[in-house]
Amino acid sequence: MLKVYNTLTGKKEKFETEEAGKVKMYVCGLTVQNYSHIGHIRSAINYDVVRRFLEYLGYQVDYISNFTDINEKIVKRAAEEDLTPAELADKYANAFLEDIREFNIKAADKYLRVSENIDQIIEMVKTLIDKGYAYEVNGNVYFSVESFEDYGKLSGRNLDEMQAGARIAVNEEKRNPLDFGLWKKVEPGDGWDSPWGEGWPGWHIECSAMSMKRLGATFDIHGGGVDLIFPHHENEIAQSEAYSGQKFVNYWLHNGTVNLSGEKMSKSQGNFFTSREVLKEFSARVIRYFLLSRHYRSPIDFAYEKLEEAQTSLERIENTRKQLAKVLSLDIDSAAENKEAEDFFEKIVKKQRAFVEALEDDFNTAEAIGVLHDLVGEINSYINQKDFSLNEKNFAILEETEEIFLELAEILGLEFELESAAAAGNDLVDPLVNLLIDLRDKARENKNWEEADLIRDRLQEIGIEVIDTSRGTEWEIKEAKDDN
RNA sequence: GGCGGCAUAGCCAAGUGGUAAGGCAGAGGACUGCAAAUCCUUUAUUCGACGGUUCAAAUCCGUCUGCCGCCUCCA
């Protein structure tokens, strides 16, 4: 049974959808003003796993996200890059789409853009005014927080508390300092026509208008970073529920931040790593694995040192994947002993169950990765037995094991392609290397160690690793990224 | 100031009432002509401190200490 932690109630709750078998989820995307940083990627990877796991459980998921492509920052950045705001937004939206492809994050079913949903937003603002939840002053429209009874229910605050410690700049137009803008008046030429004059939407309204347009007045999951709980998501609830008169979202999920030396990584503070610069040092898969090695609600401290550890840890899993494939390509010996294949498979199935249970408990990827290591240990122990050999029985079981293994890894978005020696090289390289390996084997047979070692060293120099195993000599081309 | 969260081995990190997952590093071993790679085994009488509840607490309650987040743009 799937349980999810809901920020709204502060508890883990049984997950039940509005519509049987379908999950409607919306994840706050980003303002497309620059390249994404690791914090954005963590969020995207996290909800990607949520989505993959829901799909694994058999749900049909409608996964929606957004690009904020209208606001002051966009205009400012566009001027800096000598682009129009639309061009700038396009550039970074495309960069983000490239990034998520790199990280093996499934694209949303739809990315909604503010600039394409202005009509919807205006209609919503108009309705909020008509219903008495919002008011217009000098071309600006504000939402009146006092008019919405439940204001503060997500972030666990009340209006009195907040006003006491308010650090909000005084704005004479607002009836209450916590009122927030639904529509903002802007310089002629920059905005869109509206009943209140030229302007553009306030930040919060876009997510409400677009998510409800696509998913309906009430939907299942709304996700984003913890730093969006207040005011962004609080305001979304207020305006959405005021507008529709219905509950906006059933489950609010919030992921922890990525920190640098204990401090939140953020664009405004300038302490961030873009995903692009990190990708120069580590593979996307290592970064993904690292980010999933901690529970999504906890903050995670980012450091290259940690990524190195993650890389080593991930390699253990990858090695098993490779070894398993090699074992499955061995010749089957019908006379071979069975080697307790059933006991082994029972353990595998148990691990599979444990893995699913970990994710069913509020998407505990850290625990799931632990289970994956357990699984790897079982496989290694089995296939590395001294007198291991393959017969029909354990071949079938190992094939099924491989399937389970790959299926579980795929829920985490970790896919292991086999870079076998044959695939790594090309038509010319493979036979040449094989020839050298043959020569070295000859030399070894003759106990001509100098020549054997010379071949090994020279191959090493050009980036080909020679691996002697009990199954014979294997080789692979080392990735350049492993060199440092 | 208000609200919320966190503190588990050298490091990273699961675990929210039943007697401490997993990874990295370290140690031992297997394999090897040697080496590399790989694999196996192993590593916390104890969970920030002090009290309390309970047959039983890392888990619940209280106090304290330290760190962080939000309250302003933020994934």
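Chain identifiers are assigned alphabetically (A, B, ...) following the order of the sequence lines, protein sequences preceding nucleic acid strands; residue numbering begins at 1 within each chain.
When the P atom is compared between B:C40 and B:A25, the two are found 14 Å apart, to the nearest whole Å. Here the separation of B:A14 from B:U8, taken at their P atoms, is 10 Å to the nearest Å. B:A20 and B:U46 have their P atoms separated by 12 Å, given to the nearest Å. Distance check on atom P: B:G62 versus B:G22 gives 33 Å, rounded to whole Å. Between B:A27 and B:A35, the distance separating the two P atoms is 16 Å to the nearest Å. Distance noted for atom C1' between B:C64 and B:G15: 25 Å (whole Å). Atom P of B:G18 sits at a distance of 23 Å from the matching atom of B:G23, rounded to the whole Å. The gap from the C1' atom of B:U38 to that of B:G5 amounts to 42 Å, rounded to the nearest Å.
Residue A:T257 is in base contact, counting any heavy-atom pair closer than 4.0 Å across all strands shown. No contact: A:Q460 has no heavy atom under 4.0 Å from any strand. A:G377 comes within 4.0 angstrom of sugar-phosphate atoms only, judged by non-hydrogen atoms across all strands, and of no base. Counting non-hydrogen atoms under 4.0 angstrom, A:D453 reaches a base of the nucleic acid. Contacts of A:L30 with the nucleic acid, taken as non-hydrogen atoms under 4.0 Å apart, involve only primed sugar atoms and P, OP1 or OP2. At the heavy-atom level, A:V27 lies nowhere under 4.0 Å from the strands shown. Counting any heavy atom pair closer than 4.0 Å across all strands shown, A:G262 reaches sugar-phosphate atoms only and no base atom. Here A:N380 lies in heavy-atom contact (under 4.0 Å) with sugar-phosphate atoms only. Across all strands shown, A:R321 has no heavy atoms under 4.0 Å from either base or sugar-phosphate atoms. Within 4.0 Å of A:D227, counting heavy atoms only, lies at least one base atom of the nucleic acid. Using a 4.0 Å heavy-atom distance criterion, A:S381 is classed as a sugar-phosphate-only contact.
Relative orientation of the A:H232 and A:H204 rings is tilted, given thresholds of 30° and 60° on the angle between their planes. Relative ring orientation between A:Y382 and A:F344 is described as parallel, the plane-to-plane angle staying below 30° on a 0-90° scale split at 30° and 60°. Between A:H233 and A:H222, the ring planes are perpendicular. Angles over 60° get that label, and only those under 30° would be called parallel.
Pair check for B:G51 finds B:C61; Watson-Crick or G-U wobble, both atom distances under 3.5 Å.
Residues that satisfy the ring-ring contact (aromatic ring centres under 6.0 Å, His included) test with A:Y47, not counting sequence neighbours, are absent from this structure.
In terms of polar N and O atoms assigned as donor or acceptor, the side chain of A:R456 comes within less than 3.5 Å of the base of B:C34 in a complementary pairing. In the interface, the side chain of A:D468 is paired with the base of B:A35 through a donor and an acceptor atom under 3.5 Å apart.
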What protein N or O atoms touch nucleotides 4-13 of chain B N or O atoms at under 3.5 angstrom, if any, and at what distances?
unit_1	atom_1	unit_2	atom_2	d
B:A13	OP1	A:R294	NH1	2.8

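A straight line from CD1 of A:I229 to P of B:U72 spans 15 Å, rounded to a whole angstrom. Here B:A21 presents its P atom at 17 Å from NZ of A:K347, a figure rounded to the nearest Å. The interatomic distance linking A:Q385 (CD) with B:U41 (P) rounds to 12 Å, in whole Å.
Looking only at side-chain heavy atoms (C-beta outward), A:T7 and A:Y251 stay at 4.5 Å or farther from each other.
A donor-acceptor pair is defined here as one N or O able to donate and one able to accept, closer than 3.5 Å; no such pair exists between the side chain of A:R444 and the backbone of A:W449.
Nearer to the 5' terminus of RNA chain B, by closest-nucleotide assignment, is the contact made by A:Y289 (compared with the other of A:Y289 and A:K267). With RNA chain B read from its 5' end, the first of the two nearest nucleotides for A:G223 and A:R440 is the one closest to A:R440.
We find that A:D190 and A:K184 are not joined by a salt bridge, their nearest charged nitrogen and carboxylate oxygen being 4.0 Å or further apart.
A:Y92 has its ring centre no less than 6.0 Å from the ring centre of A:F67.
The side chain of A:I467 approaches B:A37 more closely than any other nucleotide in the set B:U38, B:G33, B:A37.
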Would A:D438 and A:K442 satisfy salt bridge (Lys or Arg N to Asp or Glu O under 4.0 Å), going step by step from the backbone distance to the final call? CA-CA 6 Å; A:D438 285 349; A:K442 267 276 169 24; over 6 Å; no
